[in-house]
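Here is the structure we will look at, set down as structure tokens.
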There are 2 protein chains.
Amino acid sequence: MGRPRTFSETEALDAICASFWDQGYCATSLDDLTEATGLGKGSLYAAFGSKHDMFVQGLRLYCERMVAMATSFLHAPSGSALQRLEKYVQHLTREMQSPRGCLLSKAAAELGRQDDEVNAIISKTFEELGDQLVAAVRQAQREGDVPARLDARRSGLMLLAVIRGMEAMARGGTNGRSLGMIAQGALAPLRADT
Amino acid sequence: MGRPRTFSETEALDAICASFWDQGYCATSLDDLTEATGLGKGSLYAAFGSKHDMFVQGLRLYCERMVAMATSFLHAPSGSALQRLEKYVQHLTREMQSPRGCLLSKAAAELGRQDDEVNAIISKTFEELGDQLVAAVRQAQREGDVPARLDARRSGLMLLAVIRGMEAMARGGTNGRSLGMIAQGALAPLRADT
DNA sequence: CACGTTATTGACTATATGGTCCACTATCCG
DNA sequence: CGGATAGTGGACCATATAGTCAATAACGTG
């Protein structure tokens, strides 16, 4: 009943997400968002609520995709768990060198600790990513590729920290070679001896 | 000649830096800065230039202190190089759990890649911190506490990545225990076997 | 003391901002 | 077809913003 939407909500959210991703929360104005989506302010507000709501929904979408990407790599049908882990880290290393960086990190830096809603999303995403990495390490241990004496939780969380740290360094201008070296340094203890 | 300053430039810059640190660049208004410093807009502009200039100068101050802190830990007169490294990591782990987080990370997230001036500061700081860590690992190798087969550069850069990653995770709500675990995971390969 | 010089202050400006509102429009259903 | 319902877009609003400026105040010097 009534007039139907003339736009796809997900497409609009994509555009919103991209704007925040490029410029950050505060630096993105409503006019930027109307331009990016091609919608009027009224439509935006009717569909998504306030600017803050738009950000939260965009961030949520982004984080869901991020976690889904981790799953798709770490649960891929081919290769050993260790190989999948390596592929995943390689992929992230490549991706984080794009000028956009990672919206999750940017959101955490700009609004973390100050905004409960944003904080909840970030915290949940970190947890999910961490869990997946820990599970991958554990699986690789079962497959005998990673020494059993390593604490899987410790190794998995450390991998997450290295990945997030590489992202931060990439945004600071650290070159691809150094990033690759760091990735190797993080994976080396897993492959090592025995 | 002429009327002298009624305020200390460094003190004012400290207050400016603290404001940006708490709220980020964009979210800090000039009124926030006048309130934080107790100065009028005219005085601020006369002393520091534009809002952007104030940020750059505040960030520069912050980064210099950050590097100086690294030096003071890593070149402390007592203990072995490895012990100093451990103390330094411990200290950072504690510090990053404060609600403020780290201005360097925040600046990198909010303005990195978009702002040449800011980028230069960030990039230089990362480089200096990395160099210090690499040198510390190397020294620990010379002292026989870290296996010589490890690539010092790789290990040092990885330490930097872990530290930056822990900071990002701390801002996302990761608890102190997990952070400690990560720190241990990063240091373990250094202490290890032989 | 008086002058030149510099610092300080806050009123002022032009603009940009997030958000609201409403006239208008397109669709569905009876 | 016609009314009820929901979507659209842009004019509009109050406010906040970065930045300017001129009047005033405090110093050193001759």
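This one's a predicted model, so the numbers in the text were calculated from it and none came from an experiment.
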Practice item. Using ring pair (Phe, Tyr, Trp, His ring centres under 6.0 Å) as the criterion, point out the one residue from A:W21, A:Y25, A:F48 that pairs with A:F55. Key: A:Y25

**Study point:** Nucleic acid contacts - residues 43-56 of chain B versus DNA chain C, non-hydrogen atoms under 4.0 Å
**Key:** B:S43

Check your understanding: Does a distance-only test, which skips hydrogens and angles, find a donor-acceptor pair under 3.5 Å between the side chain of A:R3 and the base of C:dT25?
Key -> yes

Check your understanding: Judged by modelled atom types alone, do B:R153 and A:S178 share a side-chain donor-acceptor pair under 3.5 Å?
Key -> yes

Check your understanding: So with a 6.0 Å cut-off around CD of A:E35, is the heavy-atom count from everything else above 12?
Key -> no

Check your understanding: In terms of hydrophobic clustering (I, L, V, M, F, W, Y; side-chain heavy atoms under 4.5 Å; direct or indirect links), are A:M181 and A:V162 co-clustered?
Key -> yes

Review point. Does a nitrogen or oxygen in the side chain of B:T6 sit under 4.0 Å from OP1 or OP2 of C:dT8?
Key: yes

Check your understanding: Is the NE2 atom of A:H75 crowded by more than 12 outside heavy atoms at less than 6.0 Å?
Key -> no

Point to revise | Lys/Arg N to Asp/Glu carboxylate O, B:D145 vs B:R191, below 4.0 Å | key: no

Check your understanding: Is the cationic atom of B:K51 (NZ for Lys, CZ for Arg) positioned less than 6.0 Å from the six-membered ring centroid of B:F20 and within 45 degrees of its normal?
Key -> no

Practice item. For the pair A:R60 and A:E64, find out whether any cationic side-chain nitrogen is under 4.0 Å from an anionic carboxylate oxygen. Key: no

Study note, to complete from the structure: Residues in residues 109-119 of chain B with a heavy atom under 4.0 Å of DNA chain C, by number, are none

**Study point:** Members of residues 21-42 of chain A that approach DNA chain C, where some heavy atom sits under 4.0 Å away
**Key:** A:T28, A:S29, A:L30, A:K41, A:G42

Review point. If we ignore angles and hydrogens, is there a donor and acceptor under 3.5 Å between the side chains of A:R142 and A:Q139?
Key: yes

**Study point:** 4.5 Å side-chain heavy-atom contact, A:E110 and A:K106
**Key:** no

